[in-house]
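See below for the structure under consideration.
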Amino acid sequence: GNLKQADITGVLNYDFWEKLVEDDIAFQFAEKSRPVVELAVNAIDASLDNPNPEVHLFLEAGGFSVQDQGGGMDLDTILRRLLIPKSSGKRGFEEKYAGRFGVGFFSSLRYLLQDNYGRIEVVTSNGSDAYRVVLSRYYGTEPQYQGKLQVYIKPLPQNTAKGTMVTVRSRNFDVADAQRLLSDNLRFNQRAKIFVNGSLLNDTSQLIGFKGNQTQSFLFHTYCKHSV
């Protein structure tokens, strides 16, 4: 049939995803709120072709969302890159992109596997095709699939705003910890404007024009702080 027109539902290999989270994601991302940073960096990477790139994060008790101004994804990209771990279109462009290749999105699976009722939703549009992708646990009528991870892909109207928004819902989400980690990692990022709950996180205007001893002092202080 026409995959652009049809809904797609599938049950994922739970053992594989659990092993991925335990052996790979947990090893690379020690901080519990690291997925928020990784999704923000992915959003920055996706928005770089925009002349005035902005990334918007919304944090609240029970979850968060990250919205970019990128080119969005078609169905082929969703199936071949988004839903296949360690697959990414960034390879060969390391100087341009900062996100970890193909693992950043999957870091959010930690929330899904640690919360039986967690949910990850991706809404994406490339300007002509638009889709909603939902990852959650299955609690339907088929006993053999109970509790396993499922993915659901649904076409959306063509007038869906271009770009991608990732929303994570989890009772384990810690707003304060996420805000701290975002500030620690991205407050001096100059590649895009980053807004958290409507407020600009990375106002680097005070850094512009730093010269000589001021810059050296700032860098030395930062290095010492993270080296102790």
For [X] against [Y], the heavy-atom pair lying closest together:
X      : Y      : value
Ala43  : Asp68  : O-CB, 3.5 Å
Gln150 : Tyr138 : OE1-CD1, 3.3 Å
Val123 : Arg132 : CG2-NE, 4.0 Å
Ser33  : Ala178 : OG-N, 3.5 Å
Asn189 : Ala192 : OD1-N, 3.7 Å
Ala130 : Pro157 : CB-O, 3.6 Å

| task | Return yes if a side-chain donor-acceptor contact under 3.5 Å exists between Asn197 and Ser199, otherwise no. | result | no
| message | Side chains of Arg110 and Asn172 only: does a donor on one sit below 3.5 Å from an acceptor on the other? | response | no
| query | Picking from Ile44, Leu200, Val41, what satisfies side chain to side chain contact (heavy atoms under 4.5 Å, CB included) with Ile194? | reply | Ile44
Rounded at 0.5 Å granularity, tell me how far [atom1] in [X] sits from [atom2] in [Y].
X      : Y      : atom1 : atom2 : value
Glu121 : Lys154 : CD    : NZ    : 12.0 Å
Phe195 : Glu54  : CZ    : CD    : 4.5 Å
Lys162 : Thr164 : NZ    : OG1   : 10.5 Å
Asp45  : Asn42  : CG    : CG    : 6.0 Å

| query | Using the ring of each side chain (for Trp, its six-membered ring), is Phe173 parallel, tilted or perpendicular to Phe64, with breaks at 30° and 60°? | reply | tilted
| field | CD (Gln158) with more than 12 external heavy atoms under 6.0 Å | value | no
| query | Quick check: are there more than 12 heavy atoms from other residues, nucleotides or ligands sitting under 6.0 Å from OH of Tyr117? | reply | no
Any side-chain heavy-atom pair from [X] and [Y] closer than 4.5 angstrom?
X      : Y      : result
Leu156 : Ser125 : no
Leu149 : Arg137 : yes
Glu31  : Val37  : no
Tyr111 : Ile120 : no
Ser108 : Leu39  : yes
Thr77  : Thr124 : no
Leu186 : Asn202 : no
Leu112 : Leu135 : yes

Taking a hydrophobic cluster as the set of Ile, Leu, Val, Met, Phe, Trp and Tyr residues connected by side-chain heavy atoms closer than 4.5 Å, whether directly or through intermediates, do [X] and [Y] fall within one such cluster?
X      : Y      : value
Val196 : Val175 : yes
Leu109 : Leu83  : yes
Leu75  : Met165 : no

| said: The test is side chain to side chain contact (heavy atoms under 4.5 Å, CB included); show your working for Tyr152 and Val133 and say whether it passes. | reply: CA-CA 6 Å; Tyr152 173 71; Val133 182; over 6 Å; no
| Residues Ser65, Thr167; criterion side-chain hydrogen bond (donor to acceptor under 3.5 Å, both in side chains); working and verdict | CA-CA 4 Å; Ser65 62; Thr167 301; 4.5 Å; no
| If only atom types and distance count, is the side chain of Gln67 paired as donor or acceptor with the main-chain N or O of Val166 below 3.5 Å? | no
| query | Is a side-chain donor or acceptor of Ser183 paired with a backbone partner of Arg180 at a separation under 3.5 angstrom? | reply | no
| query | Hey, are Lys32 and Asp174 close enough for a salt bridge, meaning a charged N less than 4.0 Å from a carboxylate O? | reply |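 Looking at Lys32 and Asp174, the cut-off is met.
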